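The structure appears right after this line, and notes come after that.
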Amino acid sequence: LWYDSRSASAESMGTLDARTDLPAATIGTAVQPREAGSLDTARPPELSVIIPAFNEEGGIRTTVERVQAVLDQMACRSELVVVDDGSADKTAAEARAAGARVVAHPKNKGYGAALKTGILGSKADCILIIDADCTYPPEAIPRLWAHMDTADMAVGSRPITSTGITWARRPAKWFLNKLASYLVGQHIPDLNSGQRIMRRTVLMQYLPLLPMGFSFTSTITMAMLANGYQVIYEPIEYAVRTGRSFSKKRRQAASNGSPQ
């Protein structure tokens with residue numbers, strides 16, 4: 001049974017750490033280019049982009065630059081935050097060099113924990129998450145954003161035949177999507193996509209319940225659908241990642257004695 005937490009209070013998350021209390025950087029409106037530097041910093045952003053990263057020095061700069069280039073062409077106020085989840089490489093430095101605001105965990109806490117830090121430190125009514133490894137297409141952000149006039153969450157749906165999904169992973173992904181669809185009584189084409197936009201007012205109801213690890217995305221998908229929220233899927237492509245996966249890097253860090 002899924003807990004309906006619509007009455008839950010965001011206050012249960014506690015006081016924000018000063019390191020995550022970040023300064024601020026039209027839902028569904030047509031995308032129109034805006035002049036460089038035209039962001040009105042006196043008003044809060046409409047879209048916060050959160051990029052969790054752990055030892056992603058090989059891809060984070062490209063990801064940030066591609067995301068920012070797309071945001072610069074959109075007619076909404078936005079902010080971009082990279083959460084460095086205890087990286088042992090130059091992830092934070094590369095992200096800052098690309099122009100991102102960086103929040104750093106002193107040690108690795110997990111994918112979901114990095115997202116929670118970014119969400120709690122963001123200001124916008126809508127929150128977009130995207131991975132740091134160049135697998136998800138920033139160019140799809142305007143298409144996802146266009147759904148947010150009616151949706152509570154817009155998800156970038158990856159075809160199971162995408163080049164970034166290996167043959168070994170495809171049977172399990174197919175089974176999980178079918179099982180999740182059966183449990184909520186709705187078709188779920190992509191249960192755990194790492195590129196999606198979520199409405200803050202809905203997301204904050206579930207934030208205390210969301211896992212600190214990789215199940216963050218699948219859990220918020222199931223919770224929203226089970227409680228009747230509007231979830232829209234937008235087809236996207238999914239590329240081969242840059243570097244090793246987040247889970248492999250965590251296992252390597254553990255074997256090397258790095259703090260987890």
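Predicted model only: the values in this text are computed from it and were never measured.
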Are Val83 and Tyr111 close enough that some pair of their side-chain heavy atoms sits under 4.5 Å apart?
no
Would you compute the distance between atom CG of Leu225 and atom NE2 of His187 and round it to the nearest 0.5 angstrom?
11.5 Å
Do you reckon Val231 sits in the same ILVMFWY cluster as Val184, going by side-chain contacts under 4.5 Å, direct or chained?
yes
Cluster question for you: counting only ILVMFWY and a side-chain heavy-atom cut-off of under 4.5 Å, with indirect links fine, are Ile232 and Val155 together?
no
Positive for side-chain hydrogen bond (donor to acceptor under 3.5 Å, both in side chains) with Tyr136, one of Arg158, Arg196, Gln195:
Arg158
Of all heavy-atom pairs linking Ile60 and Glu57, the shortest is CG2-CA, 4.1 Å
If we only count heavy atoms from C-beta on, is the Ile127 to Ile197 side-chain gap below 4.5 Å?
no
Minimal heavy-atom distance between Val64 and Leu80, with the atoms involved, is O-CD1, 4.2 Å
Yes or no on side chain to side chain donor-acceptor pair (under 3.5 Å) for Arg200 and Ser48, after CA distance, side-chain angles and deciding distance?
CA-CA 10 Å; Arg200 176 181 292 277; Ser48 294; 4.8 Å; no
If you measure from the Lys or Arg side-chain nitrogens to the Asp or Glu carboxylate oxygens, is any gap between Arg66 and Glu139 under 4.0 Å?
yes
Measure across Ala146 and Asp149 and return the closest heavy-atom pair with its distance rounded to 0.1 Å.
O-OD1, 3.2 Å
Same cluster (ILVMFWY, side-chain, under 4.5 Å), Val70 and Val82:
yes
For His105 versus Thr117, what's the shortest heavy-atom pair and its separation?
NE2-OG1, 2.7 Å
